[in-house]
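What follows is a set of notes on a single structure, which appears directly below.
Everything numeric in this text was worked out from a predicted model, so none of it was measured.
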Amino acid sequence: MITLLNQNYAIAMRIVNGIPFLWIAELFQIFQSGRAVLFYVRLVMKGLLINLWMFAPAGFLMPLAFPAFRNGKRVIAAGLLFSILIESLQFMHGCRVVDIDDVLMNGLGTGLGYCIYQIGLFLICILQSEKV
């Protein structure tokens with residue numbers, strides 16, 4: 001619901017950003033103009049981190065729940081496909097920003113979750129070998 005429903009119904013416009021990390025160029029322009037840089041940096045970082053952390057549990061839980069997803073490439077591909085589905089629904093809804101950065105950060109978050117899963121497996125193996 002958070003990703004599809006617009007909190008501000010007065011603004012109904014479709015914005016699509018297909019250029020990865022366009023915000024970096026915008027940030028340089030803001031630095032040059034002297035506008036409220038810190039506010040913008042916080043806003044961008046908050047958005048990136050939310051997308052990263054929102055998909056990390058999927059990368060951790062998919063291999064636990066489904067043996068077919070014990071492959072890192074499959075987990076990340078599933079995370080990217082689900083993210084693309086969400087962005088497509090946002091595009092069809094027409095009142096949300098569709099951004100390639102969201103897809104990339106969601107994929108990265110899925111990969112992060114999978115790395116945490118792998119670290120957990122490694123630690124379990126170490127603990128079990130010490131018991132023997």
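Taking CE from Met45 and CG from Leu52, the interatomic distance works out to 9.5 Å, rounded to the nearest 0.5 Å. Atoms CG and CG, on Leu108 and Leu112 in that order, are 7.0 Å from each other to the nearest 0.5 Å. Expressed to the nearest 0.5 Å, how far CG of Asn106 lies from CH2 of Trp53 amounts to 13.5 Å.
Pairing each heavy atom of Asp99 with each of Glu87, the nearest pair is N-OE1, 3.1 Å.
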Show the atom names and distances, to 0.1 Å, of all donor-acceptor pairs under 3.5 Å that link a side chain in residues 56-67 to residues at least two apart or in another chain.
none

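The environment of Arg70 atom CZ is dense: over 12 non-hydrogen atoms of other residues, nucleotides or ligands sit within 6.0 angstrom. Enclosure of atom CZ in Phe21 by more than 12 non-hydrogen atoms of other residues, nucleotides or ligands within 6.0 angstrom is indicated.
Side-chain contact check for Phe55 versus Asn51: every heavy-atom pair is 4.5 Å or farther apart. You'll find the side chain of Tyr114 stays beyond 4.5 Å of the side chain of Ile76, heavy atoms only. Looking at Val75 and Thr110, their side chains come closer than 4.5 Å, going by heavy atoms from C-beta outward. Annotation: side chain of Leu80 is in contact with side chain of Val103 (closest heavy-atom distance under 4.5 Å).
Placement of Leu81 and Leu89 in two distinct hydrophobic clusters is found when ILVMFWY residues are connected by side-chain heavy-atom separations under 4.5 Å, directly or transitively. Residues Met105 and Ile19 do not share a hydrophobic cluster, clusters being chains of Ile/Leu/Val/Met/Phe/Trp/Tyr side chains in contact below 4.5 Å. Residues Leu104 and Leu22 do not share a hydrophobic cluster, clusters being chains of Ile/Leu/Val/Met/Phe/Trp/Tyr side chains in contact below 4.5 Å.
Under the side chain to side chain contact (heavy atoms under 4.5 Å, CB included) criterion, Leu121 pairs with Tyr117, Gln118, not counting sequence neighbours.
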